[in-house]
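Structure, as structure tokens:
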Amino acid sequence: MNKSVIYPGSFDPVTLGHLDIIIRASKMFDHVVVAVLRNVAKDKPSFTVEERIELLREATKDLDNIEVVSFDGLLAEYAKKRNITTLVKGLRAVSDFEYEFQMALTNKMLNPDLETVFLTTSSKNMYLSSSMVKQVASLGGDISSFVPSCVLDRIVDRLSAKE
């Protein structure tokens with residue numbers, strides 16, 4: 001059985017927490033579609049969708065069952081279009097669960113074939129978020145333990161220039 005999964009997110013920027021979920025999902029599923037959301041509802045992103053895709057591709061280049069794409073619109077519809085029936089979502093804390101649980105139920109209503117699998121983050125990444133990375137970098141802090149080393153310089157160059 002060839003089983004694919006979608007791991008959606010904004011990934012602005014990619015963190016080691018994201019990479020942890022991607023690596024673990026790649027061991028559980030035959031094919032992982034890392035889907036970068038074109039989210040108009042979020043504040044102005046630090047990286048364009050194309051840049052986020054490039055950073056993710058660089059960070060996952062050693063994983064042969066990863067596909068990095070972008071999508072817009074409803075995730076449930078995108079999954080249906082791709083004929084994928086499983087989503088994977090990472091959870092850092094109980095507060096993440098409430099939101100993600102609502103999203104899973106909504107996606108299930110929109111696409112009854114769609115299941116959501118939750119992966120808890122490793123304890124070393126529980127505090128980590130893209131927002132935290134952006135804040136630390138914008139204040140000149142060291143983010144080398146927060147993001148993949150292969151994309152660190154590009155992320156620092158972009159975020160340290162932001163006010």
Side-chain angles (χ1 to χ4, degrees), residues 5-26 28 32-63 66-76 78-79 86-107 110 114 116-163:
V5 66
I6 297 174
Y7 177 40
S10 56
F11 307 103
D12 186 39
V14 61
T15 69
L16 290 175
H18 295 132
L19 190 57
D20 174 53
I21 298 296
I22 292 168
I23 290 168
R24 290 167 51 210
S26 76
M28 298 170 64
V32 178
V33 177
V34 179
V36 179
L37 173 62
R38 294 180 183 273
N39 190 347
V40 295
K42 281 215 172 188
D43 292 334
K44 185 179 179 216
S46 299
F47 295 88
T48 67
V49 169
E50 293 73 21
E51 289 170 327
R52 287 179 266 160
I53 288 171
E54 185 180 313
L55 293 171
L56 280 158
R57 285 182 177 155
E58 178 66 22
T60 60
K61 69 180 181 221
D62 295 331
L63 302 171
I66 304 298
E67 175 187 3
V68 182
V69 299
S70 68
F71 79 99
D72 53 16
L74 293 171
L75 179 57
Y78 179 72
T86 309
L87 303 176
V88 67
K89 299 300 292 263
L91 297 176
R92 293 173 296 194
V94 172
S95 56
D96 285 347
F97 178 76
E98 184 174 350
Y99 174 77
E100 294 298 346
F101 184 65
Q102 288 177 326
M103 290 301 302
L105 293 175
T106 302
N107 284 325
L110 296 170
L114 195 55
T116 301
V117 173
F118 297 109
L119 294 180
T120 56
T121 189
S122 62
S123 59
K124 67 183 177 184
N125 295 319
M126 286 184 71
Y127 65 92
L128 192 53
S129 69
S130 293
S131 298
M132 185 63 64
V133 169
K134 288 191 261 194
Q135 184 175 14
V136 171
S138 72
L139 296 170
D142 178 10
I143 61 166
S144 61
S145 60
F146 302 160
V147 301
S149 59
C150 61
V151 296
L152 173 65
D153 291 341
R154 284 183 276 173
I155 293 173
V156 168
D157 288 346
R158 173 65 53 86
L159 297 179
S160 62
K162 288 201 153 218
E163 294 291 323

For [X] and [Y], which heavy atoms make the closest approach, and how far apart are they?
{"X": "Ala59", "Y": "Leu19", "answer": "O-CD1, 3.7 Å"}
{"X": "Ser70", "Y": "Arg38", "answer": "OG-NH2, 3.4 Å"}
{"X": "Ala35", "Y": "Phe11", "answer": "O-CE1, 3.7 Å"}
{"X": "Leu128", "Y": "Gly17", "answer": "CD2-N, 3.7 Å"}
{"X": "Val69", "Y": "Glu67", "answer": "CG1-OE2, 3.4 Å"}
{"X": "Arg158", "Y": "Ser46", "answer": "NH1-O, 2.9 Å"}

[X] vs [Y] side-chain heavy atoms within contact, under 4.5 Å:
{"X": "Leu37", "Y": "Pro8", "result": "no"}
{"X": "Phe101", "Y": "Thr116", "result": "no"}
{"X": "Pro13", "Y": "Leu159", "result": "yes"}
{"X": "Leu56", "Y": "Ile22", "result": "yes"}
{"X": "Tyr7", "Y": "Leu119", "result": "no"}
{"X": "Asn125", "Y": "Thr15", "result": "no"}
{"X": "Asp12", "Y": "Lys134", "result": "yes"}
{"X": "Ser10", "Y": "Val36", "result": "no"}

If I take atom [atom1] from residue [X] and atom [atom2] from residue [Y], how far apart are they, to the nearest 0.5 angstrom?
{"X": "Leu16", "Y": "Ile21", "atom1": "CG", "atom2": "CD1", "value": "12.0 Å"}
{"X": "Met132", "Y": "Gln135", "atom1": "CE", "atom2": "CD", "value": "6.0 Å"}
{"X": "Ile155", "Y": "Ser130", "atom1": "CD1", "atom2": "OG", "value": "8.5 Å"}
{"X": "His18", "Y": "Thr121", "atom1": "NE2", "atom2": "OG1", "value": "9.5 Å"}
{"X": "Met103", "Y": "Lys89", "atom1": "CE", "atom2": "NZ", "value": "6.0 Å"}
{"X": "Leu91", "Y": "Met126", "atom1": "CG", "atom2": "CE", "value": "10.0 Å"}

> For Arg154, which residues count as a side-chain hydrogen bond (donor to acceptor under 3.5 Å, both in side chains) partner, sequence neighbours excluded?
Replying inline: Glu54
> Donor-acceptor pair, Thr60 side chain versus Leu63 backbone, under 3.5 Å?
Replying inline: no
>> How about CD on Glu98, more than 12 heavy atoms from neighbouring residues, nucleotides or ligands closer than 6.0 Å, or not?
In response: no
> Counting only heavy atoms not in Tyr99, do more than 12 sit closer than 6.0 Å to its OH atom?
Replying inline: no
>> Over 60° means perpendicular and under 30° means parallel, so tell me whether Phe146 and Tyr127 are parallel, tilted or perpendicular.
In response: perpendicular
